[in-house]
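Note that the numbering runs from 1 along the sequence shown for the chain. When reading the values below, keep in mind they use all heavy atoms of this one structure, side chains included, and skip hydrogens, waters and symmetry mates.
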Amino acid sequence: MSEVFTKSVARNIYYGGSAFFILLFLALTFDTIGQTPSRDNHEAITEEVALGKKVWEVNNCIGCHTLLGEGAYFAPELGNVYERFGKSTDAIVAFIKYRPVDGIPGRRSMPQFNLSDEELQAVAEFLKYVNGINTANWPPNIQG
Ligand code: HEC
């Protein structure tokens with residue numbers, strides 16, 4: 001064993017292995033950068049979507065919700081809420097508008113944000129845009 005696994009063999013495995021994984025890392029990085037423009041749904045970013053993102057940030061929706069897995073785990077994932085609500089921005093608007101619905105035992109409730117009609121529509125359009133990002137089918141189920 002000691003004759004086969006000499007110092008120079010060990011050195012070659014070390015350098016060869018390092019080179020292999022550095023190249024693999026670079027290849028995957030370039031692959032990701034190359035794919036992103038066709039997957040990020042940027043054609044759908046309108047002024048309204050941009051306003052919706054602002055509404056999303058100013059009201060700290062991420063403080064309770066996750067969006068594509070990032071955020072807090074108090075309330076449902078919203079990356080696919082547009083699909084969950086039957087591809088209806090009206091349903092999303094109505095949901096946010098008529099909170100809170102209290103008194104259901106064991107159910108967490110969402111506060112009222114007093115958003116204007118324009119802001120409501122914009123945040124719903126923002127969630128529609130997020131739903132259009134190609135995430136390779138993540139989240140894996142409709143519940144989020
Ligand atoms: C204080 C925590 C909290 C914040 C902040 C919050 N939400 Fe919610 N949200 C909830 C909870 C809890 C639910 C689930 C309520 C229910 O099912 O009755 C919910 C549900 C939702 C739903 C429906 C999800 C589903 O699948 O049923 C949407 C859409 C939504 N929130 C949008 C927003 C938006 C947009 C904002 C920011 C303007 C926001 N939320 C901020 C707590 C929050």
Side-chain angles (χ1 to χ4, degrees), residues 1 4-5 8-144:
M1 181 67 198
V4 181
F5 196 70
S8 81
V9 171
R11 191 171 48 230
N12 289 344
I13 290 173
Y14 173 75
Y15 285 125
S18 300
F20 175 77
F21 283 106
I22 288 168
L23 288 175
L24 183 66
F25 175 75
L26 287 175
L28 291 173
T29 303
F30 282 113
D31 182 55
T32 301
I33 292 169
Q35 285 203 30
T36 303
S38 64
R39 295 175 62 148
D40 66 3
N41 194 22
H42 63 274
E43 317 81 43
I45 301 176
T46 58
E47 294 268 307
E48 199 176 24
V49 169
L51 173 65
K53 178 156 191 290
K54 199 167 167 209
V55 173
W56 171 266
E57 282 170 10
V58 168
N59 292 284
N60 192 27
C61 311
I62 205 102
C64 291
H65 291 276
T66 49
L67 196 62
L68 304 181
E70 294 284 335
Y73 289 88
F74 179 74
E77 160 69 41
L78 296 182
N80 61 348
V81 72
Y82 175 66
E83 220 163 311
R84 186 155 64 244
F85 278 23
K87 300 198 172 183
S88 160
T89 48
D90 289 348
I92 295 175
V93 166
F95 185 97
I96 300 170
K97 199 168 176 176
Y98 297 110
R99 299 297 109 180
V101 176
D102 288 327
I104 305 169
R107 185 153 173 168
R108 295 168 183 179
S109 70
M110 173 160 147
Q112 175 55 247
F113 285 93
N114 297 311
L115 301 176
S116 68
D117 286 347
E118 190 193 5
E119 290 169 328
L120 281 166
Q121 196 59 45
V123 81
E125 287 295 330
F126 170 66
L127 292 172
K128 178 181 174 185
Y129 147 74
V130 174
N131 195 103
I133 296 171
N134 178 352
T135 55
N137 292 328
W138 198 93
N141 57 37
I142 195 70
Q143 289 82 21

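A donor-acceptor pair under 3.5 Å is absent between the side-chain atoms of N59 and the main chain of C61, judged by distance alone. Formation of a donor-acceptor pair under 3.5 Å by the E77 side chain with backbone atoms of L68 is found in this model. A donor-acceptor contact shorter than 3.5 Å is absent between the side chain of E83 and the backbone of N80.
Enclosure of atom CD in E43 by more than 12 non-hydrogen atoms of other residues, nucleotides or ligands within 6.0 angstrom is indicated. For Q112, the CD atom counts as densely surrounded, since its 6.0 Å shell holds more than 12 non-hydrogen atoms of other residues, nucleotides or ligands. More than 12 heavy atoms of other residues, nucleotides or ligands shown are found within 6.0 angstrom of CG on N141.
The structure places CG of L28 at 11.0 Å from CD1 of I33, a figure rounded to the nearest 0.5 Å. Distance CD1/I45 to CG/D40: 6.5 Å, rounded to 0.5 Å. Atom OG1 of T29 is separated from atom CG of L24 by 9.0 Å, given to the nearest 0.5 angstrom. With rounding to the nearest 0.5 Å, the separation of CG in D90 from CZ in F85 is 12.5 Å. Between E48 atom CD and K128 atom NZ the span is 9.5 Å, to the nearest 0.5 Å. Summarising the geometry, atom NE2 belonging to H65 is positioned 9.5 Å from atom CD1 belonging to I62; distances are rounded to the nearest 0.5 Å.
Closest of all the heavy-atom pairs between S88 and A91 is OG-N, 2.9 Å. Scanning both residues, A44 and V49, for their nearest heavy atoms gives O-CG2, 3.5 Å. A pairwise comparison of heavy atoms in D102 and S109 identifies OD1-OG, 2.8 Å as the closest pair. For V9 against V4, the heavy-atom pair with the smallest separation is CG2-O, 3.5 Å.
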Practice item. Decide side-chain contact (heavy atoms from CB on, under 4.5 Å) for W56 and V130; before the verdict, give the C-alpha distance in whole Å, the side-chain angles of both, and the deciding distance to 0.1 Å. Key: CA-CA 12 Å; W56 171 266; V130 174; over 6 Å; no

Check your understanding: Given R84 and L78, is the side-chain contact (heavy atoms from CB on, under 4.5 Å) satisfied, shown in steps?
Key -> CA-CA 9 Å; R84 186 155 64 244; L78 296 182; 4.2 Å; yes

Point to revise | Verdict with reasoning, V101 to R99, per side-chain contact (heavy atoms from CB on, under 4.5 Å) | key: CA-CA 5 Å; V101 176; R99 299 297 109 180; 3.7 Å; yes

Practice item. Apply the test side-chain contact (heavy atoms from CB on, under 4.5 Å) to residues T46 and E125: give CA-CA distance (whole Å), side-chain angles for both, the deciding distance (0.1 Å), then the verdict. Key: CA-CA 9 Å; T46 58; E125 287 295 330; 5.7 Å; no

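At least one side-chain heavy atom of L127 sits under 4.5 Å from a side-chain heavy atom of L67.
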